[in-house]
Protein chains: 2
Amino acid sequence: MVRRTRFDDSDCPVARSVDAIGDWWSLLIVRDAFDGSRRFGEFQRGLGVAKNILAARLRVLVDGGVLDVVPASDGSSYHEYVLTPKGRDLFPVIVALRQWGEGHFFEPGEPHSEMVDRQGGRPLRALEVRSADGRRLDPDDTAVVKVDQLGTPAGAVPE
Amino acid sequence: MVRRTRFDDSDCPVARSVDAIGDWWSLLIVRDAFDGSRRFGEFQRGLGVAKNILAARLRVLVDGGVLDVVPASDGSSYHEYVLTPKGRDLFPVIVALRQWGEGHFFEPGEPHSEMVDRQGGRPLRALEVRSADGRRLDPDDTAVVKVDQLGTPAGAVPE
DNA sequence: AGGATTGGTTTCAACTTGCTACCAGATGGA
DNA sequence: TCCATCTGGTAGCAAGTTGAAACCAATCCT
């Protein structure tokens, strides 16, 4: 086998997510979808991606239940790609990547795009990982366990 | 040019993040690093990745400032890979992907790994995107603007 | 009707991926 | 000390993927 490795049967949800998205283009397509892009041409212009690549990625995202194909909203006989609820659930992923990038890849004053609260226009609060009872958690405060059947953790797992 | 497209000069932090991580293997390496892997062999066994691929990805992550090479903690003359502060800042990204995967890719009762609060062992609270003043935000409550110089948004941007 | 726009597919060369084999240095046991 | 093993890689190669450009069909505009 020389095909790119798949992770769709992994026990780890991170691996399955990564596998379902497919590649980075797909994530940028989702980013643009959150930002209002709906038409093939909009995605193509926004991303500068070759059309064959875009067509393939859109197909993967539609097959994966992230995007849905719906009749165009302008009355034409074309169609549009809109996020499904599953796709909209990627919102924290996009926000997390955005905040990481803002924090580490731009010089002070360097132009960049920023996500803001529509009501007031202020930047978002940084994402916080919290326990069920609301304490802020650092990586060291967490562990990964294997859940075998009915929600009863079976102990630490090397993943 | 037939080389894989780079995004490292994009205005969008999401694109730069995506570019810096490199590929999915890299993100799974980071996941394992959060989970305690430090040695080449640990990553290799944990991921089942070919050694040349792993070596290349580790190099990218080290060059990108996500991992650091340090002397082995067991006194041997080997070395270990540990997350830098920048790498640790990827924690919300991993958590976001994990929660998305948990929510959409496992049947009820299907075995999977789960991240829990070390103190008490309960699953984490779902990540929440919030405004600066603490309101929960949906995708529709946000907009992406272009910041040109000194923190003054210049209006909505098609990205 | 004629031209432009939309939304793709096809082709093909270059590049990347991943398996296997190989290798060099460090370690450990007899 | 000598040899086997472990660790951490590199080299070579086949197959798969990527992406630029060309092409194409259906739709829309006038």
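By convention in this document, chain letters (A, B, ...) are assigned in the order of the sequence lines, proteins followed by strands, and residues within each chain are numbered from 1.
Between A/Glu107 and B/Arg16 there is no salt bridge, since none of the side-chain N atoms of the basic residue sits less than 4.0 Å from a carboxylate O of the acidic one.
Spacing between atom CG of B/Asp23 and atom P of C/dT17 amounts to 6 Å, rounded to whole angstrom units. Separating the CD1 atom of B/Ile29 from the P atom of D/dG8 is a distance of 14 Å, rounded to the nearest angstrom. Taking atom CG of residue B/Leu58 and atom P of nucleotide D/dT10, one finds them 10 Å apart after rounding to whole Å. Atom pair B/Glu80:CD and D/dG9:P shows a separation of 12 Å (rounding to whole Å applied). Per the geometry, CZ belonging to A/Arg59 stands 12 Å off C1' belonging to C/dG7, to the nearest Å. A straight line from CZ of A/Phe40 to P of C/dG7 spans 8 Å, rounded to a whole angstrom. Atom CD1 of B/Ile53 is separated from atom C1' of D/dA15 by 13 Å (rounded to the nearest Å). Remark: P of C/dG18 and CG of B/Leu28 are 12 Å apart, rounded to the nearest angstrom.
Note on A/Tyr81: only backbone sugar-phosphate atoms sit closer than 4.0 angstrom, heavy atoms only; bases stay farther off. Among the atoms of the strands shown, none is found under 4.0 Å from any heavy atom of B/Trp24.
Considering only the side chain of A/His79, C/dG7 comes nearest among C/dT17, D/dG19, C/dG7. The side chain of A/Arg45 has C/dT6 as its nearest neighbour among C/dT6, C/dG8, C/dT17. Distances from the side chain of B/Trp25 to the nucleotides C/dG18, D/dA20, D/dG8 place C/dG18 closest. Minimum atom distance to the side chain of B/Asn52 is reached by C/dC19, of the listed D/dG8, C/dT6, C/dC19.
At C/dT6, none of the side-chain N or O atoms of A/Arg39 fall inside 4.0 Å of OP1 or OP2 (strictly under the cut-off). Regarding contacts with the backbone of D/dG19, every side-chain N or O of A/Arg57 stays at 4.0 angstrom or more from both OP1 and OP2.
Here the two rings, on A/Phe40 and A/Tyr81, have centers that are 6.0 Å apart or farther. Aromatic pair B/Phe7/A/Trp24: centroids not less than 6.0 angstrom apart.
For the pair A/Arg57 and A/Asp23, the minimum side-chain heavy-atom distance is below 4.5 Å. Side-chain atoms of B/His79 and B/Val70, non-hydrogen and from C-beta on, never get closer than 4.5 Å to each other.
Taking CZ from A/Arg98 and CE from A/Met115, the interatomic distance works out to 5.0 Å, rounded to the nearest 0.5 Å. How far NZ of A/Lys86 is from CG of A/Leu67: 11.0 Å, rounded to the nearest 0.5 Å.
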Tabulate protein N/O versus nucleotide N/O from nucleotides 24-26 of chain D, keeping only pairs under 3.5 Å, one per line.
none

